[in-house]
Structures are given as C-alpha cells and as structure tokens.
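Presented below is the structure to which this report refers.
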Amino acid sequence: AVLVFMTATAEFARKALEPPEEMLAVAYRVFEEEDEPWWRAFTLHLRGWAALRHSDLRAARVDARESLALFSRVGEPWGLLRANNLLGVLAGVEGAYEEAGRLHRTSLEHAERIGLWPSVVDALTRLARVYLLTGDLECSDACNRQALRVAREQVLSSGVRFAEGGLALAARRRGELERAEEHLHRIMALHREDGYRPGRAFALAELGFCAEQRGDAATARGLHLEGLGHARHSGDPRAVAQALEGVAGVDALDGDGEGAARLLGAAARAREDTGVPLPVGERFDVDRVSAAARALTGAAVFDREWTRGRSLPLDEVVDGLLSHVPAPSR
C-alpha cells in the first residue's frame with residue numbers, strides 16, 4: 001500500500017496536480033487499518049492542502065491539526081515542519097499574522113536543522129508573506145531574496161516562483177510597477193511550462209493590477225479576464241474573488257463606479273462563503289478600488305450596488321464576464 005501510494009503521489013506532483021480526493025480517502029482508511037501513523041499523517045497533510053486550495057478552510061485546519069498530532073507522536077522532523085507550515089498558511093489566510101509568523105519560524109528551524117532546502121525556501125517565502133501583510137516590506141524582501149538565492153543554488157523552480165512572487169507583491173505595494181512586472185513575467189513563463197493554473201491566475205491578477213495602476217484599462221481588463229478563467233478552473237473561490245476585484249478596478253478606471261461596486265460585493269460574498277473575509281493586511285487593492293468607485297458614485301449608490309452584487313450568484317457573475325472570452329489554454 002505504501003509503495004503504491006508513494007508512486008501515485010509522486011506522479012501527481014510531477015504533473016503539478018493534486019491527488020484525487022477518493023484516492024486520499026482510500027489511502028487514509030488503509031493506513032489506519034494497517035496502523036501506519038506516519039502515512040496517516042502524510043495523507044492528512046495532503047488532504048489538508050487540497051482543502052485549502054479549494055478554500056475549505058475548516059476541513060484544512062482539522063486535517064492539519066490531526067496531521068501535526070500524529071507527526072508529533074512519531075517524532076519525525078520533516079512531518080513536523082510540513083504540518084507547521086500548513087497551519088501557518090491557514091493562520092495567515094485568517095489574518096492571525098503573529099501565529100502565522102511563529103509557525104513559519106518553527107518550520108524554518110526544523111528545515112535548517114535537517115538541511116532540507118526545499119522546505120527552507122518554502123518557510124522563508126511564507127515568512128516573507130507575513131512580513132508583507134504586516135507592512136514590513138524590507139524584512140519581506142530580505143526573506144524572499146534569501147529564499148531566491150537558495151532556490152537558485154539548489155535548482156528549485158517552485159521556490160524561485162514563490163520568491164519572485166513575493167518580491168513582485170512588495171514592489172507593487174511600493175509603486176515600483178516595472179520591477180513587479182519583471183518578476184511576474186518570469187513567473188508566467190514558468191507556469192506556461194508546467195500548466196499550473198492557480199499560479200497563472202495569481203500572476204495574471206498581479207499583472208492586471210500593475211496595468212490598472214498605470215492607467216492602462218484595456219490591458220488590465222484582458223489580463224484579469226484571462227486570470228478569471230484560470231481561477232474558475234482551479235476551483236478556488238478566493239482566486240475567483242481576486243479576479244473579480246481586478247475587473248472592478250478596471251471598471252472604476254473606466255468610470256463605471258456602479259459596475260465596480262457590484263463586482264466588489266460579489267467578491268466579498270465569495271470570500272465570506274469560504275468562512276474567511278478578506279483580512280486587513282490583504283485589503284490593499286480592495287480598499288483603493290472601493291475608494292475610486294465610491295468617489296464616482298457617492299456613498300449611497302456604492303453601498304446599494306455593493307449589496308446588490310452580494311446577492312448575485314457567483315457563477316452568474318463569472319459567466320457574464322467570460323461570455324465573450326475564449327477559454328484559457330492549459
């Protein structure tokens with residue numbers, strides 16, 4: 001059972017895919033029957049990440065905690081750092097940045113102790129994200145540069161993507177749009193090679209925000225709509241919400257404050273339906289787009305249209321935006 005599971009998960013990882021839910025369920029039952037606590041913990045870890053990618057945060061946290069308990073019982077360092085990493089990501093999504101930072105530092109210590117370079121890079125980029133969301137852009141850049149150096153030395157393409165993405169986010173928050181785009185175009189090139197849709201959705205959203213902040217509405221709209229197609233295909237409502245927020249920014253730039261307000265309302269509802277509204281640290285784009293739309297409409301009209309957007313079925317909103325857009329390539 002272990003050999004079959006190892007082979008199958010390795011193949012899915014090679015193709016940048018997640019193992020099917022049914023496979024994980026069967027594996028968990030088998031490892032429970034065979035009293036294999038390490039493999040149960042690992043299966044729960046994989047299942048937790050799959051739940052997070054689909055924004056089922058409650059299920060992800062339950063699996064992550066059980067995975068950590070099992071790895072702690074076994075006393076296996078790799079498992080401990082991976083379980084802490086997932087719990088740290090969940091804490092960050094929920095806006096618990098102090099807890100997230102503590103968990104990622106713990107993961108980093110475990111990874112450095114056993115010399116596991118992919119996990120060192122992962123922990124550094126996760127920690128950099130916490131610094132970004134708490135406003136410490138210098139520390140964020142320092143962590144990402146260290147991660148990028150290690151990733152290049154160890155030829156870790158996924159680590160390069162994460163570090164470049166973090167540097168792009170910090171650059172855009174400073175208003176350094178060209179520098180942000182340099183990082184993002186390199187990420188896009190990598191994701192075109194591996195066909196990883198969530199990564200493409202992220203890069204396209206960030207490129208779209210760069211174009212919108214520069215005032216190029218046509219380019220921004222095209223990028224955000226392409227990203228919306230990838231976000232929908234990924235099955236992550238938070239990625240869909242980010243794309244809607246991007247299109248809202250373009251609507252505001254084009255003078256359609258009411259349309260922007262409706263899309264912001266729809267995005268807010270999509271995020272809330274996952275159980276986690278957008279935390280304060282991640283409201284950089286939503287707050288500035290909301291301010292631009294409200295300046296066009298006035299507070300009363302903005303609130304009315306935002307509320308209307310919340311009531312619209314998410315699929316209906318997405319269908320309307322994508323009705324004249326070709327389906328995104330892999």
Could you pull out the closest heavy-atom pair between G92 and A100, with the gap in Å? N-CB, 3.7 Å
Residues L80 and S72: closest non-hydrogen pair is CD2-OG, 3.3 Å
NZ/NE/NH1/NH2 to OD/OE distance under 4.0 Å, D319 and R232: yes
Any sub-3.5 Å donor-acceptor pair from S140's side-chain atoms to R129's backbone N or O? no
Measure the acute angle between the ring planes of H45 and W78, then classify it against the limits of 30° and 60° as parallel, tilted or perpendicular. perpendicular
Under 4.0 Å between a side-chain nitrogen and a carboxylate oxygen: does that hold for R47 and D63? yes
For the backbone of D287 and the side chain of S290, can you confirm whether one donor and one acceptor N or O come within less than 3.5 Å of each other? no
Ignoring hydrogens and geometry beyond distance, is a side-chain donor-acceptor pair present between N84 and S107 at under 3.5 Å? no
Could you pull out all residues at least two apart from D136 that satisfy salt bridge (Lys or Arg N to Asp or Glu O under 4.0 Å)? none
Between R288 and E212, does at least one N-O distance fall below 4.0 Å, as a salt bridge requires? yes
Under the salt bridge (charged side-chain N to carboxylate O under 4.0 Å, His left out) test against E305, which residue among R310, R294, R262 passes? R262
If you measure from the Lys or Arg side-chain nitrogens to the Asp or Glu carboxylate oxygens, is any gap between R214 and E178 under 4.0 Å? no
So, R152 and E164, do they make that salt bridge, N to O below 4.0 Å? yes
H233 and R197: side-chain donor and acceptor closer than 3.5 Å? yes
What I want to find out is whether D141 reaches R174 closely enough, with some N-O distance under 4.0 Å, to be called a salt bridge. yes
Any donor-acceptor N/O pair, T125 side chain to D122 backbone, under 3.5 Å: yes
Would H110 and R113 count as having a side-chain donor-acceptor pair, cut-off 3.5 Å? yes
Under 3.5 Å, side chain of E176 to main-chain N/O of R179, donor-acceptor pair present? no
So, the side chain of D256 versus the backbone of A252: is there a donor-acceptor pair under 3.5 Å, distance only? no
Test question: given the 4.5 Å side-chain rule for I, L, V, M, F, W and Y, name all other residues clustered with F209, or answer none. none
Between D285 and R172, does any side-chain N to carboxylate O distance fall below 4.0 Å? yes
Pairing of E245 and R271 as salt bridge, 4.0 angstrom limit: yes
Measure the acute angle between the ring planes of F42 and W39, then classify it against the limits of 30° and 60° as parallel, tilted or perpendicular. perpendicular
Backbone N/O of E98 and side chain of R102: donor-acceptor pair under 3.5 Å: no
Of all the heavy-atom pairs spanning S67 and A83, show the shortest one and how long it is. OG-CB, 4.3 Å
Side chains of L124 and N144: does their closest heavy-atom pair fall under 4.5 Å? no
